[in-house]
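Worksheet: one structure, shown below.
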Amino acid sequence: MPAECSPPEKTFWVYVSLWIANFFSPLLYSGVTTILPSIAHDFHTSAATISLIVMLFAYSQGFVGSIGGRMSDLFGLRKMMTIGFIICFLTLIGLFISTNFTMLIIFRCIQGIGTALLISSSTAIAINITPICKRGSILGILTSAAYLGASLGPIIGGAVATFFGWRFLFILLMIPSLAGLILFRGALRLEWCTLDEEKFDTKGAIMLGLGTGAISLGTGLFSMYFPLLYLVPIGFILLAIFVYMQKHTRYPIINIDLFTKSGKFSLGIISIMVNFGAATSFVYYSTMYFQQVRGFTPLMAGFFLLFKSMAQFGVTPYAGKLSDKIHPEYIVILGIILSTVSLIGTAYLNENSSIYYIYTTLFLSGVGLAIFSAPSTVSALQDIPSKEIAVASSLTATSRSMGILTSQIIVSLAISHYLGEKTVNAETIPLFLNSMKASFLAISAINILCLLGYIILAIKIHHLDTIHKNKNNKD
């Protein structure tokens, strides 16, 4: 129950702090992704190994995000978001002082926990303080903040790596982390802690962590030691056990009924995961392509990716606002179509691809994801009871993190298959391009399945609208 009320005049500043949280988290991802080649050079790591920086970040973000909704219900949304800001700030210090690759990925993994708490808590807080009729607009604005972070990340990361060295990026990122924490704590006095008398399912959390961890490590490290690939089926078995445990636990971390009772929610979770995973692999491969294949500096690569992200930032608020007026499923379909076209187009990039062709694929990717994002979240949460909204909104945010993890698994498998332990250089460029093509075509195929699901859903909605309209006409 609310412990203390937030003054109405501070509501605006609450939204501002939520905006910073949504801006800051993708900035941590896209900025660091841009400096991966610089980190690989300094620590003498291969293309497959360097991807662990992204994969372990995504793993911890996805795992903690999955249990974040439950933790927020038990301990409070405000408290969880505060902890998220603090973790991000401290791990930025750790990343700056890292003396070896192992130390770097440990701090990066812990940082994923902080961003998971920020993303899941900010989404739930926004939904709780926003009237239903305006949720699409607010989610659109917060999502545009995420895209602005994704937009500036490559530019900031590239500029810092080019002129000062990659370590100084982490010093710079402390500014929004500290500013967001101070503003959030000062603006919001309201706390949501709705399950004071329930218990946290520790066994379920451990099983979930082991399952997702086994899959992540198995796919991420098998190129260095092949028997680790056997961790993947073990991971899926552990996840199956986790699902069974959740259905037979009095206080589950994840209410499995949310997926079985609401087809819109299940489809939304899957499609969000796939599309954000596609966006992640797009940024990762594009960064490597611009720097390793085309020979651009990190800063130049950042400016290319800025074109895509600014398209997202500009279109997203309007897509969110539109989803308040018409069925969001119709908007989602258009977004998936554009995203899929951009993925297929990017799959066929080569060493001599036209700059205009590259700009076209970047633009389609940015607009497609922008059109998709807020409406897909609105659609997924439409049928969710208010008492489940914190967990459900946390899962929609977590699905983005799991999408990042899934895409990195696909990317890691492709790179390991084509490159193994080799680095990306003039001799291995064709192999790198083959891995990029395989990854994007695989993700495109999954995206098409999601598109078919939304088309079926849209047909059903249109049919129900027609019946309702005819009934009203008769009355």
Side-chain angles (χ1 to χ4, degrees), residues 18 20-33 52-98 102-125 146 149 170 173-174 176-178 180-181 184-185 200-202 204-217 220 235 242 253-254 273 276 280 390-391 393-406 408:
L18 298 180
I20 292 176
N22 280 269
F23 165 79
F24 175 65
S25 297
L27 186 65
L28 280 175
Y29 171 77
S30 64
V32 173
T33 300
L52 285 174
I53 293 178
V54 178
M55 180 174 290
L56 291 179
F57 177 81
Y59 160 67
S60 60
Q61 191 178 68
F63 166 57
V64 176
S66 299
I67 66 177
R70 180 67 178 172
M71 292 171 64
S72 296
D73 282 338
L74 290 171
F75 308 117
L77 282 167
R78 183 173 182 263
K79 182 181 295 183
M80 290 298 101
M81 191 159 173
T82 300
I83 293 173
F85 272 123
I86 293 173
I87 290 175
C88 288
F89 182 79
L90 294 178
T91 52
L92 284 169
I93 297 175
L95 289 166
F96 176 75
I97 64 175
S98 294
T102 301
M103 186 176 178
L104 188 80
I105 61 175
I106 289 174
F107 278 115
R108 187 65 171 158
C109 188
I110 297 172
Q111 192 171 75
I113 297 174
T115 58
L117 294 177
L118 287 181
I119 295 171
S120 60
S121 299
S122 63
T123 303
I125 290 172
F170 303 121
L173 292 177
M174 292 180 191
S177 176
L178 188 59
L181 174 61
F184 176 73
R185 293 292 296 182
F200 183 74
D201 182 14
T202 305
I206 293 174
M207 189 63 66
L208 176 62
L210 290 175
T212 53
I215 295 172
S216 302
L217 293 176
F242 167 75
I253 295 174
I254 300 175
M273 183 176 71
F276 274 83
T280 301
V391 172
S393 59
S394 174
L395 288 175
T396 59
T398 301
S399 62
R400 303 174 190 176
S401 304
M402 296 308 295
I404 295 174
L405 177 59
T406 303
Q408 286 305 307

Do any N or O atoms from the side chain of Arg185 and from the backbone of Arg78 form a donor-acceptor pair under 3.5 angstrom?
no
To the nearest 0.5 Å, how far apart are [atom1] in [X] and [atom2] in [Y]?
| X | Y | atom1 | atom2 | value |
| --- | --- | --- | --- | --- |
| Phe96 | Leu104 | CZ | CG | 12.5 Å |
| Phe24 | Thr115 | CZ | OG1 | 8.5 Å |
| Leu95 | Phe107 | CG | CZ | 7.0 Å |
| Ser121 | Ile83 | OG | CD1 | 9.0 Å |
| Leu118 | Phe184 | CG | CZ | 9.0 Å |
| Arg108 | Leu92 | CZ | CG | 9.0 Å |

Going by side chain to side chain donor-acceptor pair (under 3.5 Å), name the residues that satisfy it together with [X], two or more places apart in sequence or in a different chain.
| X | answer |
| --- | --- |
| Thr91 | Gln111 |
| Ser122 | Asn22 |
| Ser98 | none |

For [X], enumerate each residue passing the side chain to side chain contact (heavy atoms under 4.5 Å, CB included) test, keeping only those at least two apart in sequence or located in another chain.
| X | result |
| --- | --- |
| Ile106 | Thr102, Ile110 |
| Leu90 | Ile86 |
| Ser60 | Cys109, Ile113 |

If you compare all heavy atoms of Thr82 against all heavy atoms of Leu181, which two are closest, and at what distance to 0.1 Å?
CG2-CD1, 3.8 Å
Check Pro176 against Leu27 and note the closest heavy-atom contact, atom names and distance.
CG-CD2, 4.5 Å
